[in-house]
Structure formats: C-alpha cells, structure tokens
Amino acid sequence: DYSLGSRRSILRAVNNNDNNGDLRDYAVDLNATNFDAVLKDTPATFAVVEFFAHWCPACMNYKPHYEKVARLFNGPDAAHPGIILMTRVDCALKINTNLCDKFSVGHYPMLFWGHPSKFVGGSWQPNQEKSDILTIDDGRTADRLLSWINKRMGSSFNLDDQKFENEQHLSSNVSDPGQIARGIYDVEEATSMAFDIILEHKMIKQETRASLLKFLQLLVAHHPSKRCRRGTAELLVSFDELYPTDLWPADKHEDDTIALRGSQICGKGVPRGYWMFCRGSMNETRGFSCGLWVLLHSLSVRIGDGESEFAFNTTCEFVHNFFICEECRQHFYKMCLSVKSPFNKASEFALWLWSAHNKVNERLRKEEAALGTGDPKFPKLIWPPKQLCPSCYADHDPENNRIAWNRDDVFKFLTSYYGNTLSSLYKGKNVGGNEGIEVAVEELIASTNAVVVPIGAALAIAIASCGFGALACYWRSLQKSRKPRRSWK
Ligand SMILES: Cc1cc2nc3c(=O)[nH]c(=O)nc-3n(C[C@H](O)[C@H](O)[C@H](O)COP(=O)(O)OP(=O)(O)OC[C@H]3O[C@@H](n4cnc5c(N)ncnc54)[C@H](O)[C@@H]3O)c2cc1C
C-alpha cells in the first residue's frame with residue numbers, strides 16, 4: 001500500500017546511503033511480468049534497458065556506472081526527468097529467460113536503446129537489418145554511456161547536472177501544439193496532488209464536502225485520464241464511508257488509512273514527482289498551478305451543453321474551497337461572481353475559462369516583469385499566440401495590444417488542443433486488459449523510489465510549485481478569516 005511503499009522507499013534510501021555518497025537504486029527493475037506494462041506506461045520518450053545477471057562480476061562492477069546515468073533521468077530528484085527511462089532486467093532469474101531470449105542477450109551486461117513502445121512485445125536479433133531497437137555498443141563507463149546518449153539525441157547532458165540546471169533541452173516553443181500531448185501526465189499529477197493537499201490539510205469539512213463531491217462527479221465523467229476517472233469513481237463510491245457527514249471534523253482524518261485511501265486517485269504511481277509539459281526552467285515556477293489550469297481547460301472542452309452551468313459552478317467552488325493559493329482563489333472568485341447569466345452551452349464555459357485565464361496572465365505578466373519572478377523560458381502571454389492559432393485572431397493591433405478574437409475559432413482550437421491533442425499520447429489501457437499485470441506494475445512503481453514520492457514530498461513539491469512568489473501563496477491557515485461561502489448564482 002501507499003504508506004508501505006513510502007516507508008519501503010525511505011528504508012531503502014537509508015539503507016543504501018552510506019558515507020561514500022548516494023548509492024540508491026535509480027534504475028527501474030523490470031521482469032517478464034511488468035516489462036511491457038511499465039514501458040507502455042512511461043511518459044519518457046526513450047528507454048534504456050540493461051540485461052544483466054546478478055551473479056556476473058562485470059555486471060556488479062558496472063552497476064555504479066549505470067546508476068550514475070540513471071540518477072540523471074529517473075525519479076523526482078532527476079536533473080532531466082521524463083526523457084529517458086533507465087531500466088534493468090536480471091536474466092539470471094528464471095522468470096526472465098524468455099524475455100532475455102527474445103532480445104538475444106548473448107553477453108552481460110547488454111544495453112539497448114529505443115522508444116519505450118518499441119520494447120513492448122518487442123524483440124531484437126543480432127543480424128536484423130533494420131530495427132527500432134539499437135544496442136548501445138559503447139556504454140562501458142558512465143561517461144561513455146552518457147556520451148553515446150548525447151550523440152544519439154544531440155543533447156549535452158552531463159553527469160554533474162543537478163535538478164533545474166542545464167535546462168536547454170526544455171522546449172518552451174509556444175507555437176508547437178504537440179507539446180500539450182505531454183500535458184496528460186501533468187493532468188494526472190495535478191489531480192493526484194490536489195487530493196493529497198486536500199487530505200493533508202484536512203480540507204474536507206461540512207461546508208466544503210458538497211463542492212468536493214460535485215468536482216469528483218465532473219472528474220469521473222470527464223477527466224482525460226482513464227485511471228483518474230476510475231480512481232475518482234472509486235473514491236466517490238466510498239465517499240460516505242470515508243467521510244461520513246456525522247463525524248466531523250479532525251478525529252476522522254487522524255486515521256491515516258482513511259486519508260491515504262483517497263490519495264491514490266490516479267493510481268499508485270502518481271504523483272510521480274515531476275512535471276512534463278508544466279516543468280519550469282527553474283525551481284519554484286510552473287508545476288502544480290500550471291497542471292491545475294490544464295486540468296480545468298481539459299474538463300471544459302469535454303462537457304456537454306447541459307453540463308455547462310454545473311461545470312462552471314463546480315469549478316468556481318473547487319478553486320474557492322480547495323486551491324490553497326489565497327491570492328489566486330480570491331481573484332478567481334471575483335471573476336466567478338462577475339458572471340451574471342447562466343451558461344447554456346459548453347462553448348460558453350470553455351471560452352469563459354479561457355478568458356479568465358488570460359486575465360490572470362495579463363495581470364501576472366506585469367507583476368512578473370516588475371518583480372522578476374517569472375520563468376524566463378515561459379513568459380506570460382495572451383493566449384493562444386498567433387503562431388498557435390492564426391485564425392483565432394480576427395484583428396490584432398499590437399501597438400495598443402488590442403485583439404479582436406474570433407471566438408468560434410478559439411473554441412475550435414481549445415477543443416482540439418485540450419481534447420484530442422492532449423490525449424494523443426495517452427496509454428490508459430491495460431496491457432492485454434490484464435488487471436493482475438496492472439497491479440504488479442503499481443506494486444513495482446510503489447516499491448521503487450524511481451517513480452514515486454510520498455505524500456510529504458508531494459506536498460513539498462506543491463509548495464515549491466506555487467510559482468508566483470512566496471507572498472502570493474498563502475496557505476490554508478490564512479483562510480480562517482475568509483468570508484462564508486456563497487452560492488454562485
Ligand atoms: C485558477 C487559478 C488561478 C490563479 N490565480 C493566480 C493569481 O491570482 N496570482 C498568481 O500569482 N498566480 C495565479 N495562478 C497561477 C498562475 O496562473 C500560473 O499557473 C503560474 O504562474 C504558472 O504559470 P505557467 O507559465 O506555467 O502557465 P499557466 O498560466 O499556468 O498556464 C498553463 C498553460 O496553459 C496554457 N494557457 C495559457 N493561457 C491560457 C488561456 N488563456 N487559456 C487556455 N490555456 C492557456 C499555456 O499552454 C500554459 O503553458 C492561478 C492558477 C490557477 C489554476
């Protein structure tokens with residue numbers, strides 16, 4: 001379970017750390033039962049698979065070299081997360097014999113490179129003319145392995161890279177619509193973190209319970225990730241038992257097991273501890289708040305006309321009750337209250353959200369310019385920029401910064417960007433539809449510190465992700481003084 005997984009990770013971290021430095025295992029151990037599922041599920045663009053045998057002395061000597069490279073790419077503290085998944089398979093285990101045979105493993109260690117999906121159900125033969133999977137022929141030391149990778153990718157990763165340094169690989173090309181495809185992982189991350197924060201801060205109270213239930217309903221029906229839909233549905237089904245109306249407030253939440261059951265809302269491997277589309281080029285920028293915007297936009301383009309008013313109210317209430325950035329929720333609340341007539345069409349709500357987000361962007365653009373707090377690689381802009389959607393602009397007077405929007409085209413663009421494009425990388429189905437395998441994957445992920453972070457760490461990331469300056473981000477303690485909740489209409 002989650003707490004066990006976290007404890008195991010901590011124990012492993014303690015046990016594996018000696019005074020000689022960081023000897024944690026970063027590479028993900030794969031075996032025949034989880035190989036396909038993990039490689040299918042990873043957000044990474046490339047994978048390295050090391051086939052080895054635990055008894056082989058050369059492999060033991062090689063392990064620190066491989067780990068030195070793996071720590072750059074795997075896990076929440078990685079300098080370059082989500083790009084390459086570094087894995088290993090122990091061919092000395094009987095269970096892996098067929099798998100190792102399929103890849104014609106003739107010596108140990110043997111390293112392969114490819115897109116993760118190419119390994120799924122894949123194989124490799126020595127004399128194959130064309131293969132999507134390559135052998136890494138020169139990876140004998142950490143330096144040489146990283147040089148091989150750099151040559152292959154045209155990158156300049158360095159063994160000394162630390163988190164948030166050397167971010168030149170980070171693409172902030174706003175005119176590339178394909179970037180949002182990586183946002184699917186951030187939508188899962190943001191959903192899971194939002195619920196961790198809600199539980200950690202004991203935010204489910206008599207007066208907020210109904211708004212959480214409504215938001216859960218919205219997620220069950222329209223979350224772009226199937227595993228988040230399933231997780232929220234499970235939480236919704238047991239909600240009355242987990243948070244009964246007659247047991248308030250704190251004593252119920254002191255029970256860890258109850259709180260933790262809700263936190264795996266998008267599966268045990270999430271939150272992963274890093275961001276893909278929403279990754280900033282420095283610490284304390286982007287992250288959670290970016291992920292939350294992407295989630296809200298992705299919901300807004302998935303609802304039907306008849307749900308538009310419900311979605312609007314639910315979103316307003318959710319931000320008001322559960323977004324722990326005081327300045328954000330107050331500004332958003334004001335924008336919600338300024339809406340005078342009910343929404344009748346899905347497009348009206350999606351366009352309202354888009355316009356509200358642009359108002360925030362406009363305000364923050366000035367603040368960030370004055371205070372120098374913005375992420376230099378991701379400056380705030382009125383969105384979508386012309387390069388992303390030329391037809392959205394009916395008229396543009398850059399001198400006075402006035403834009404006449406073609407709202408029909410903006411809605412079409414939002415629908416395609418946060419609809420199909422966002423979901424295009426999504427691999428939400430089980431491999432072979434096998435629940436058993438999925439459970440094994442979740443167990444594996446929970447038991448390796450390569451991809452999972454405990455609640456405390458998730459919270460630290462949430463705090464670090466309040467990328468709008470410490471002063472702007474008040475925590476829940478300040479909300480004691482807030483006005484009583486109002487209904488929106
Ligand atoms: C509801 C809410 C209210 C907030 N209010 C405040 C506030 O009052 N003060 C404050 O300091 N911070 C506020 N924030 C945080 C702030 O808006 C940013 O999320 C944060 O600064 C990170 O910015 P970012 O560069 O990652 O882009 P974000 O603004 O987070 O946007 C994420 C992504 O959404 C896309 N996008 C940008 N604009 C739009 C748009 N108009 N419509 C659709 N998609 C768009 C872009 O691809 C962008 O990269 C708020 C966040 C949320 C979720």
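Atoms considered below: every heavy atom in the structure, side chains included; atoms not considered: hydrogens, waters and symmetry mates. Treat the numbers as computed from the prediction; the structure is a model and nothing was measured. First listed ligand is number 1; within each ligand, the first listed atom is number 1.
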### Summary
Contact region, Leu364 to ligand 1, non-hydrogen atoms below 4.0 Å, reads side chain
### Query
Is Trp354 in polar range of ligand 1, meaning some N or O pair under 3.5 Å apart?
yes
### Query
Can you list the ligand 1 atoms lying under 4.0 Å from a non-hydrogen atom of Ser289?
15 (C), 18 (C), 19 (O), 20 (C), 22 (C), 53 (C)
### Message
For ligand 1, which is the ligand I care about here, please tell me if Glu368 has any N or O atom under 3.5 Å from one of the ligand's N or O atoms.
### Response
no
### Task
Using atom types as modelled and distance alone, determine if a side-chain donor or acceptor of Arg71 lies under 3.5 Å from a backbone N or O of Leu159.
yes
### Residue-ligand contact Asp375/ligand 1, heavy atom below 4.0 Å
no
### Ionic contact status for Glu188 with Arg272, cut-off 4.0 Å
yes
### Message
Only heavy atoms of Arg286, strictly under 4.0 Å: list the atoms of ligand 1 that pass.
### Response
22 (C), 24 (P), 25 (O), 26 (O), 49 (O)
Please list every donor-acceptor pair under 3.5 Å in which a side-chain atom of residues 343-355 meets a protein atom from a residue at least two apart or in another chain.
{"unit_1": "Glu348", "atom_1": "OE1", "unit_2": "Asn344", "atom_2": "N", "d": "2.8"}
{"unit_1": "Glu348", "atom_1": "OE1", "unit_2": "Lys345", "atom_2": "N", "d": "3.4"}
{"unit_1": "Trp354", "atom_1": "NE1", "unit_2": "Trp383", "atom_2": "O", "d": "2.7"}

### Message
With rounding to the nearest 0.5 angstrom, report the CG to CZ distance, Leu422 to Arg302.
### Response
5.5 Å
### Message
At less than 4.0 angstrom from any non-hydrogen atom of Cys290, what atoms of ligand 1 do you find?
### Response
19 (O), 26 (O), 30 (O), 32 (C)
### Task
Tell me, please: is Lys380 in heavy-atom contact with ligand 1, that is, under 4.0 Å?
yes
### Query
Between the side chain of Arg209 and the main-chain N/O of Tyr243, is any donor-acceptor distance below 3.5 Å?
yes
### Query
Does at least one non-hydrogen atom of Arg363 fall below 4.0 angstrom from an atom of ligand 1?
yes
### Message
Set out, in order, the CA-CA distance, both residues' side-chain angles and the distance that settles side chain to side chain donor-acceptor pair (under 3.5 Å) for Asn158 and Asp161, then state yes or no.
### Response
CA-CA 5 Å; Asn158 194 298; Asp161 288 348; 5.0 Å; no
### Message
I want to confirm something. Looking only at heavy atoms, which of Phe413, Trp293, Phe318, Phe378 is nearest to atom 52 (C) of ligand 1?
### Response
Trp293
### Message
Distance under 4.0 Å to a non-hydrogen atom of His331: what atoms of ligand 1 satisfy this?
### Response
8 (O)
### Query
Would you find more than 12 non-hydrogen atoms of other residues, nucleotides or ligands less than 6.0 Å from Lys214 atom NZ?
yes
### Residue Val360 vicinity, atoms of ligand 1 by number, heavy atom under 4.0 Å
5 (N), 6 (C), 17 (O)
### Message
Side chains of His223 and Thr191 only: does a donor on one sit below 3.5 Å from an acceptor on the other?
### Response
yes
## Note on the structure
ligand 1 atoms nearer than 4.0 angstrom to some heavy atom of Tyr417 are 47 (O)
### Query
Which atoms from ligand 1 have a heavy atom of Tyr418 less than 4.0 Å away?
34 (O), 35 (C), 36 (N), 43 (C), 44 (N), 45 (C)
### Message
So for atom CG, which belongs to Asn420, do other residues, nucleotides or ligands contribute more than 12 heavy atoms lying within a distance under 6.0 Å?
### Response
no
### Nearest option to atom 38 (N) of ligand 1, as decided by whichever heavy atom of Asn361, Val319, Leu381 sits closest
Asn361
### Message
Can you tell me which residue among Phe46, Trp113, Phe157 is in a ring-ring contact (aromatic ring centres under 6.0 Å, His included) with Trp148?
### Response
Trp113
